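Residues: numbered from 1 along the sequence shown. The model shown is predicted, which means the values in this text are computed figures rather than measured ones. Values below: all heavy atoms of this structure, side chains included; hydrogens, waters and symmetry mates excluded.
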Amino acid sequence: MKQLQSTKDYIASPELLRVAEIARALQKPLLIKGEPGTGKTMLAQAAAESLGLRLIVWNIKSTTKAQDGLYVYDTVARLYDSQFGESGVSDVSKYIKLGKMGEAFESEEQVVLLIDEIDKADLEFPNDLLWELDRMEFYIPETKQTVRAKHRPIVIITSNAEKELPDAFLRRCIFHYIAFPDPPMMERIVRAHYPDLDRQLVEQALDQFYRLRDLDLQKKPSTSELLDWVQALSIGGVEPQMLKAALPFAGVLLKKPEDLDAAARRRR
């Protein structure tokens, strides 16, 4: 059996990989929390890539309902067809479209299902999925059909901890919190993306980056912003020693005027 592992674009800690494998073995959803930029979403991409599986992404929004991930009954299209005399209107199944979870259940091969940013939805959303996550099936009353997973998907759920999730939901998940990468791990991440960058430039950039994160900022720069910044430094021809006294292209790292001011005060 293939093992979940880091990829050339995603470096995961050994602890995270172990927890992911435990969740897979126990056939339970893996719930990942962590601040933005810690690679929660990319874990699912890395899992699909390293295991050779298709990735299905269900992006959760504030208006998302659990039903959306199972199926949608297009009553408007059916009404439209009936008004214009289209044939087959009596066949309700023509107007049933599976959602992302339904698509994962119907797949002929095992897939990785990412339920991304589950905490954006209302408080009842996680509880509304308990049966489907436990039994790997759901019922469509319009067609009197039960959709059962042909192959249990590997379910990865991410949360930015914007709101607490229900206890009943948490009991059904394997939980892991991704801590923000320390400097050695971050250097590995940068190297994975840009192996040819000047070593001193990377070292100085990391030093400045973590100094900024120690400030009382409204929005601390994340991994993705660091990756953009080191690339900007390289494209801009910035010499490593310049970073000791200046913060070139600060707007790549810091996105709020107050944070830019705080960084400027630190350099005075």
Side-chain angles (χ1 to χ4, degrees), residues 20 23-24 26-33 40-49 51-82 86 88-163 165-166 168-175:
R24 182 183 173 201
L26 294 177
Q27 296 187 327
K28 288 181 174 289
L30 175 61
L31 173 62
I32 300 292
K33 286 188 178 183
K40 300 185 297 297
T41 299
M42 288 189 67
L43 171 64
Q45 298 169 355
E49 181 180 340
L51 298 174
L53 304 178
R54 181 163 67 101
L55 174 64
I56 295 177
V57 180
W58 184 9
N59 290 305
I60 307 303
K61 302 178 181 178
S62 60
T63 56
T64 301
K65 302 299 180 185
Q67 174 82 20
D68 301 335
L70 306 180
Y71 74 95
V72 175
Y73 173 31
D74 195 343
T75 55
V76 174
R78 190 182 184 201
L79 178 61
Y80 181 88
D81 288 348
S82 67
E86 295 289 336
V89 174
S90 60
D91 183 6
V92 178
S93 64
K94 288 175 52 178
Y95 304 95
I96 299 293
K97 181 181 179 181
L98 293 178
K100 296 298 184 179
M101 184 176 283
E103 185 183 339
F105 285 6
E106 280 284 272
S107 175
E108 295 296 334
E109 298 179 342
Q110 187 181 42
V111 301
V112 176
L113 173 64
L114 170 63
I115 304 177
D116 202 23
E117 299 188 328
I118 193 171
D119 53 326
K120 281 189 175 180
D122 64 41
L123 290 173
E124 291 305 313
F125 178 87
N127 280 339
D128 290 343
L129 290 179
L130 293 181
W131 173 271
E132 289 75 19
L133 290 173
D134 268 351
R135 302 296 297 270
M136 287 287 148
E137 66 179 40
F138 62 90
Y139 182 67
I140 303 177
E142 290 83 0
T143 60
K144 298 180 173 58
Q145 173 194 9
T146 297
V147 177
R148 294 185 177 88
K150 296 178 180 178
H151 301 275
R152 178 179 284 268
I154 297 172
V155 181
I156 297 176
I157 304 170
T158 71
S159 170
N160 288 326
E162 291 184 4
K163 61 172 71 80
L165 299 173
F169 178 79
L170 294 175
R171 284 196 296 270
R172 287 162 171 81
C173 299
I174 302 298
F175 173 74

Q: List for me each residue that meets salt bridge (Lys or Arg N to Asp or Glu O under 4.0 Å) alongside Asp128, sequence neighbours excluded, and say none if there are none.
A: none
Q: Check salt bridge (Lys or Arg N to Asp or Glu O under 4.0 Å) between Lys97 and all other residues, then give those that pass, not counting sequence neighbours.
A: none
Q. Residues in side chain to side chain donor-acceptor pair (under 3.5 Å) with Arg148, at least two apart?
A. Glu137
Q | Heavy atoms from other residues, nucleotides or ligands near NZ of Lys100 exceed 12 (cutoff 6.0 Å) | A | no
Q. For the atom pair SG (Cys173) and CG (Leu165), what is the distance rounded to the nearest 0.5 Å?
A. 8.0 Å
(Q) Looking at every heavy atom in both Ile174 and Leu26, which two are closest together, and how far apart are they? (A) CD1-CD1, 4.0 Å
Q.
Just to verify, what does Arg172 make a side chain to side chain donor-acceptor pair (under 3.5 Å) with, not counting sequence neighbours?
A. Asp134
**Q.** Partners meeting side chain to side chain donor-acceptor pair (under 3.5 Å) with Glu106 (sequence neighbours left out)
**A.** none
Q: Just jot down the ring-ring contact (aromatic ring centres under 6.0 Å, His included) partners of Phe125, sequence neighbours excluded, or say none.
A: Trp58
Q) Roughly how far, to the nearest 0.5 Å, is the CD1 atom of Ile118 from the CG atom of Leu31? A) 7.5 Å
Q | Distance (rounded to the nearest 0.5 Å) between Lys40 NZ and Ile32 CD1 | A | 9.5 Å
Q. Just wondering, do Met136 and Pro153 contact through their side chains at under 4.5 Å, heavy atoms?
A. yes
Q: Please examine the side chains of Met101 and Ile115, heavy atoms only from C-beta on, and report whether any two atoms are closer than 4.5 Å.
A: yes
Q.
Going by salt bridge (Lys or Arg N to Asp or Glu O under 4.0 Å), name the residues that satisfy it together with Glu142, two or more places apart in sequence or in a different chain.
A. none
Q) Within a strict 4.5 Å, meaning less than it, do heavy atoms of the Arg152 and Phe105 side chains meet? A) no
Q | Residues that Leu123 engages under side chain to side chain contact (heavy atoms under 4.5 Å, CB included), provided they are two or more places apart | A | Lys163
Q. At what distance, to the nearest 0.5 angstrom, does CG of Leu70 lie from CG of Leu129?
A. 6.5 Å
Q | From Ile140 atom CD1 to Leu98 atom CG, the distance as rounded to the nearest 0.5 Å | A | 6.0 Å
Q.
Given Ile154, which partner from the list Leu51, Val111, Leu30 fulfils the side chain to side chain contact (heavy atoms under 4.5 Å, CB included) test?
A. Leu51
Q: Quick one: list whatever passes salt bridge (Lys or Arg N to Asp or Glu O under 4.0 Å) with Lys120, sequence neighbours left out.
A: Glu117
Q) Looking only at atom types and distance, does a side-chain atom of Asp119 sit under 3.5 Å from a main-chain N or O of Asn160, one as donor and one as acceptor? A) yes
Q | Reported CE-to-OG1 distance for the pair Met42 and Thr158, which is rounded to 0.5 angstrom | A | 13.5 Å
Q. How would you list all residue pairs meeting salt bridge (Lys or Arg N to Asp or Glu O under 4.0 Å) that involve residues 51-66, not counting sequence neighbours?
A. Arg54-Glu103, Lys65-Asp122
(Q) Going by the rule side chain to side chain contact (heavy atoms under 4.5 Å, CB included), which residues pair with Asn59 if we only count those two or more places apart in sequence or in a different chain? (A) Val57, Asp116
Q: With sequence neighbours excluded, tell me which residues meet side chain to side chain donor-acceptor pair (under 3.5 Å) with Glu108.
A: Lys150
Q. Taking the inter-plane angle between the rings of Tyr71 and Phe138 on a 0 to 90° scale, is it parallel (under 30°), tilted (30 to 60°) or perpendicular (over 60°)?
A. parallel
Q) Mind checking whether Tyr73 and Val92 have side chains closer than 4.5 Å, heavy atoms only? A) yes
Q.
With heavy-atom distances below 4.5 Å as the criterion, would you say the side chains of Phe169 and Ile157 are in contact?
A. yes
